[in-house]
Amino acid sequence: VTVIVGLVVVGVGDYVFFNGSSSGLDKNTVLAGDLLIVLAQIITAVQMTIEEKIVKKYKTHPLQGIGLEGIFGFSMLALLLIPMYFIPWHLPQSSSSWQEHVRFEDTIDAFKQWAYTPYVLVPSLGLVFSIAFFNFAGLTVTKTMNATTRMVLDTFRSIIIWVISLAVGWQ
């Protein structure tokens, strides 16, 4: 309840006290962003609840659960990358990025970057392993305790990262 109240207060504050001249955004864009945040919270809550029910009902080992989630996610995204390659997309004129081809997601270019630039491949592999470890730890907490504890720990993770970034001077 506290999270919902916080989201509502921030969302209403964004919309009521909006100053578009400094950010270059209109009110509808800000409202859409706030609604996407609320939707993400709802989807995460549903996912955690379903994961907890599956892990406890079927006595699934966390590593097996993460493996199944990974296979499902990889398969779905691999299938979605095919149409995304053919969807036309361009960056705004004000963007400093340059696009050779106008594509929503250029998978072929991504593979080329991995092949020719280890500075892109190594962090990508590190990201895959860190996400796998994070999800394994989260599912272990869910199985051992419950999804609520997992989400509280996840919130503390975000707070710790934020405090460290403030202490180091990154923000």
Side-chain angles (χ1 to χ4, degrees), residues 23-25 29-30 32-55 58 60-145 147 149-171:
S23 65
L25 302 173
T29 304
V30 172
D34 290 341
L35 290 175
L36 285 172
I37 291 170
V38 171
L39 182 65
Q41 293 296 318
I42 292 169
I43 290 171
T44 301
V46 169
Q47 178 188 356
M48 294 303 123
T49 304
I50 291 171
E51 279 184 1
E52 182 177 5
K53 287 185 181 219
I54 289 173
V55 166
Y58 298 109
T60 307
H61 189 275
L63 198 55
Q64 181 183 17
I66 294 307
L68 292 172
E69 282 185 13
I71 290 169
F72 176 78
F74 178 81
S75 302
M76 293 304 296
L77 288 177
L79 288 174
L80 287 173
L81 283 175
I82 296 167
M84 284 185 199
Y85 183 79
F86 297 103
I87 296 173
W89 184 266
H90 62 87
L91 294 170
Q93 292 291 334
S94 62
S95 175
S96 62
S97 298
W98 177 77
Q99 287 179 280
E100 184 177 334
H101 302 287
V102 183
R103 304 196 191 290
F104 184 71
E105 187 64 49
D106 196 345
T107 309
I108 295 171
D109 185 50
F111 283 123
K112 286 179 185 175
Q113 289 181 26
W114 278 351
Y116 299 120
T117 312
Y119 297 115
V120 176
L121 178 62
V122 172
S124 297
L125 293 174
L127 182 65
V128 167
F129 285 110
S130 70
I131 290 172
F133 179 76
F134 169 76
N135 287 337
F136 173 71
L139 205 55
T140 303
V141 169
T142 301
K143 183 175 181 172
T144 308
M145 295 174 206
T149 305
R150 177 180 179 179
M151 295 315 317
V152 169
L153 292 174
D154 188 53
T155 303
F156 279 120
R157 176 185 56 93
S158 300
I159 291 170
I160 290 169
I161 291 170
W162 177 67
V163 167
I164 290 172
S165 68
L166 284 176
V168 175
W170 291 342
Q171 289 190 357

For E69 and I66, run side-chain contact (heavy atoms from CB on, under 4.5 Å): C-alpha distance rounded to whole Å, both residues' side-chain angles, the deciding distance at 0.1 Å, then the answer. CA-CA 5 Å; E69 282 185 13; I66 294 307; 4.0 Å; yes

Derivation of the salt bridge (Lys or Arg N to Asp or Glu O under 4.0 Å) call for R150 and E52: CA-CA 10 Å; R150 177 180 179 179; E52 182 177 5; over 6 Å; no

Quick one: do S75 and L79 satisfy side-chain contact (heavy atoms from CB on, under 4.5 Å)? Show the steps, please. CA-CA 6 Å; S75 302; L79 288 174; 5.5 Å; no

[atom1]-[atom2] distance between [X] and [Y], expressed to the nearest 0.5 angstrom:
X    : Y    : atom1 : atom2 : value
L166 : I161 : CG    : CD1   : 12.0 Å
L125 : S130 : CG    : OG    : 11.0 Å
I37  : I42  : CD1   : CD1   : 12.5 Å
I87  : I82  : CD1   : CD1   : 12.0 Å
D106 : K112 : CG    : NZ    : 7.5 Å
L80  : E105 : CG    : CD    : 11.0 Å

If you compare all heavy atoms of [X] against all heavy atoms of [Y], which two are closest, and at what distance to 0.1 Å?
X    : Y    : value
L139 : P62  : CD2-O, 3.5 Å
I108 : Y85  : CD1-OH, 3.5 Å
V141 : T149 : CG1-CG2, 4.2 Å
P123 : P118 : CD-O, 4.0 Å

Go through the steps to decide whether R157 and D154 satisfy the test salt bridge (Lys or Arg N to Asp or Glu O under 4.0 Å), and finish with yes or no. CA-CA 5 Å; R157 176 185 56 93; D154 188 53; 2.4 Å; yes

Residue pair T107, M84: steps toward the side-chain contact (heavy atoms from CB on, under 4.5 Å) verdict: CA-CA 9 Å; T107 309; M84 284 185 199; over 6 Å; no

